[in-house]
Amino acid sequence: MNWIAVTSIYKFEMARFFRTMTQSFVSPVLSTSLYFVVFGAAIGSRIQEVEGISYGAFIVPGLIMLSVITQSISNASFGIYFPKFIGTVFELLSAPISFIEIVLGYVGAAATKALFIGVIILITAFFFVDITIVHPFWMVLFLVLTCVSFALFGFILGIWAGNFEQLQLVPLLIITPLVFLGGSFYSISMLPPVWQVISHFNPVVYLISGFRWSFFGAADVPIVTSLFAIAGFTALCLAVIWWIFRTGWRIRQ
Amino acid sequence: MPDIVEIHNLRKAYSDGFEALKGVSLNIKKGEILALLGPNGAGKTTLISTVCGITTSTSGSVKVGGHDTLTDYRAARAMIGLVPQEINLEPFEKVISTVRFSRGLFGKPKDDAALEKILRQLSLWDKKDSQIRALSGGMKRRVLIAKALAHEPRVLFLDEPTAGVDVELRRDMWEIVAGLKADGVTIILTTHYIEEAEAIADRIGVIAHGELLLVEDKDKLMARMGKKQLVVQLTKPVDALPDILVSDAVTLSADRTKLIYTYDTRAERTGITKLLSDVATAGLVLSDLETSQSSLEEIFVGLVKEDAA
Ligand SMILES: Nc1ncnc2c1ncn2[C@@H]1O[C@H](COP(=O)(O)OP(=O)(O)OP(=O)(O)O)[C@@H](O)[C@H]1O
Ligand SMILES: [Mg+2]
């Protein structure tokens, strides 16, 4: 294992992130604050409580998940797509490293960035609402696993994408709807029965539910199911990465 | 001592079925400068890319420093530096950070003194904190060289390092190459400029249509090239070469109307005066004189044409 190479990729990617500091931090803070104003204050004043939790606090886990998932995917997909696009990928291919090291560097950096943003949103949330985290260990575990698994997914997306449209299309057409319909802003039990059934096919529901459980101790679906869902998704992404590694798909001609 | 690069029967077919390398075998000696000449699309970049691991080969084997580039790729690639034909750089990165990244990627621990030496050697030290987009084309090319040298490779591939570069920078580049050779680095460069190959290479290879047509010491090639021919057209055919003219340098043409005299332009005496007086002594009457010289260019064009036919 070439750890110097892994940390080089990691540091290089993180440096890019910190260079665009304002962009990286201000935009999530701003959009979270807006969500709180719109959903928490405007709608929350009518809904008041969901499952015994104030609406403003109820949406916090969903908001974090929303940002973390979007950020993990876009960071990782862009991170590996960009070198392909401008041609600097030749250096990765000619270096004495294996695909595993490339994945560790890029996915690690993408997940770290998303984690940063998740934490910032959580801190921002403290300014707006009262939250106590019931299961802090599980909260961190869910957060980290989500960052890693969606960064893996983003990495696959970046390898697959042949142009910028494809790079943006998948998050836009698949991920965003899944996340929005995943119960970020409501409890699944608030939906009509038909939609409750449909929701159970949305993997993001399990993530948000599990994450929310770690905050409030209440969940839409059993916590074990949530854990299996995230573990299954991570395993699937790892399997695809392994296959790409074996075949050199879309990497080497 | 085994050769530092051993390419054996290397074939490469791209996914569209096009065979860009048709069984290339080539050994490169430690410490030499090998220039690869060949027309556009000959397969030069493909050959380099396959050795460096950017493309996969269809069959054949490559060893660098005795390490197979497939089974022992870490050891093989650690020895190689590559300067690609295209200028592929991240526009918003600083020179120093992109060079540092290259060193790390090859698994070498951070060593700012080594990087400073490389950047100074390439006259880039002043620009180390500049963003790459703020550099001129020639500087960008030097940044690529700095990145390739950042991990102190033993074998350096330069894919058309002087394409689109002005005369002065070309001279600089030649000096850099000479300096690296003095440090014991083996250098393989591709070029379209024959005079460039003449100026810096120890050996010259010619590649066309995916085949290596020739690899020869530059000096031998130059010696072949330095030969000039004088054709003496006679007014009427002769039965045989007159005794006085018989020598290794003189032959009679098939139609027996021409004497062909081969001489070395770099020799102190060409022997032309003597030849002409001998012709007169033999009682032959000449109607015309013609000289021709075979240049590397001619050899090159001839080889490539022959191959296309
Ligand atoms: N990715 C690819 N897919 C299909 N064919 C390719 C690919 N890359 C190169 N080729 C073909 O392989 C042949 C050799 O290309 P290569 O780039 O090795 O030539 P070259 O000798 O470097 O030429 P130049 O002097 O123009 O740089 C060309 O006919 C080219 O069209
Ligand atoms: Mg080329």
Side-chain angles (χ1 to χ4, degrees), chain A residues 1-24 75 78-106 108-109 158-160 162 244-253, chain B residues 12-16 18 20 45-46 48-58 64 67 69 72-94 97-98 100-111 131-132 144 147-148 150-151 153 157 159:
Chain A
M1 202 57 149
N2 189 339
W3 287 108
I4 296 178
V6 176
T7 50
S8 291
I9 296 174
Y10 183 85
K11 281 188 198 154
F12 196 71
E13 286 296 299
M14 291 310 287
R16 203 209 305 280
F17 176 66
F18 288 115
R19 209 166 39 225
T20 53
M21 193 83 159
T22 14
Q23 208 182 318
S24 312
N75 287 335
F78 189 78
I80 188 67
Y81 180 75
F82 190 59
K84 279 204 315 178
F85 178 70
I86 61 167
T88 49
V89 72
F90 84 88
E91 215 181 356
L92 294 174
L93 298 179
S94 62
I97 54 174
S98 88
F99 189 60
I100 306 294
E101 283 135 347
I102 298 177
V103 172
L104 278 175
Y106 281 99
I159 297 250
W160 164 79
I244 293 175
F245 168 60
R246 299 307 306 174
T247 59
W249 179 72
R250 299 243 173 157
I251 303 176
R252 282 200 170 85
Q253 279 149 347
Chain B
K12 169 66 187 175
Y14 280 107
S15 50
D16 57 4
F18 181 81
T45 301
T46 305
I48 291 179
S49 301
T50 312
V51 173
C52 296
I54 295 164
T55 52
T56 50
S57 59
T58 312
V64 178
H67 306 288
T69 53
D72 194 8
Y73 69 91
R74 284 182 197 266
R77 288 188 201 162
M79 296 180 68
I80 303 177
L82 166 64
V83 180
Q85 183 172 358
E86 312 284 337
I87 296 187
N88 304 316
L89 289 165
E90 288 197 32
F92 296 103
E93 288 300 332
K94 282 184 187 169
S97 59
T98 183
R100 196 175 282 147
F101 173 69
S102 298
R103 184 177 172 89
L105 205 54
F106 276 75
K108 287 270 182 143
K110 195 171 169 213
D111 182 349
Q131 282 193 342
I132 283 162
L144 280 177
K147 280 167 75 70
H151 65 281
F157 288 89
D159 200 353

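Below, chains carry the letters A, B, ... as their sequence lines are ordered, and counting in each starts from 1. Predicted model, so just to flag it, every value in this text is computed and none were measured.
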Inset, instruction - Could you pull out the closest heavy-atom pair between Ser8(A) and Gly104(B), with the gap in Å? - result: OG-CA, 3.0 Å

Inset, instruction - For residues Leu93(A) and Ile54(B), report the shortest heavy-atom separation together with the two atoms involved. - result: CD1-O, 4.0 Å

Straight-line distance of [X] [atom1] to [Y] [atom2], nearest 0.5 Å:
X: Arg77(B); Y: Ile97(A); atom1: CZ; atom2: CD1; value: 8.0 Å
X: Thr88(A); Y: Glu93(B); atom1: OG1; atom2: CD; value: 9.5 Å
X: Lys147(B); Y: Phe90(A); atom1: NZ; atom2: CZ; value: 6.5 Å

Student check: side-chain heavy atoms of [X] and [Y] closer than 4.5 Å:
X: Glu91(A); Y: Phe101(B); result: yes
X: Asn88(B); Y: Ile86(A); result: no
X: Tyr73(B); Y: Pro96(A); result: no

Within 6.0 Å of [atom1] in [X], more than 12 heavy atoms from elsewhere:
X: Lys94(B); atom1: NZ; value: no
X: Lys84(A); atom1: NZ; value: yes
X: Phe85(A); atom1: CZ; value: no

[X] versus chain A, heavy atoms under 4.5 Å apart: side chain, backbone, both or neither?
X: Glu86(B); value: neither
X: Phe106(B); value: both
X: Leu89(B); value: backbone
X: Lys12(B); value: side chain
X: Ser15(B); value: neither
X: Ser102(B); value: both

Legend entry - Residue pairs passing the side-chain hydrogen bond (donor to acceptor under 3.5 Å, both in side chains) test where at least one lies in residues 92-104 of chain A, sequence neighbours excluded: Glu101(A)-Arg74(B)

Legend entry - Set of salt bridge (charged side-chain N to carboxylate O under 4.0 Å, His left out) partners for Glu13(A), sequence neighbours left out: Arg16(A), Lys113(A)

Legend entry - chain B contacts, top residue of Ala95(A), Ala15(A), Ala5(A) (heavy-atom pairs, under 4.5 Å): Ala95(A)

Inset, instruction - Go through Ile87(B), Thr55(B), Thr50(B), Val51(B) and name the one with the most non-hydrogen pairs under 4.5 angstrom from chain A. - result: Thr55(B)

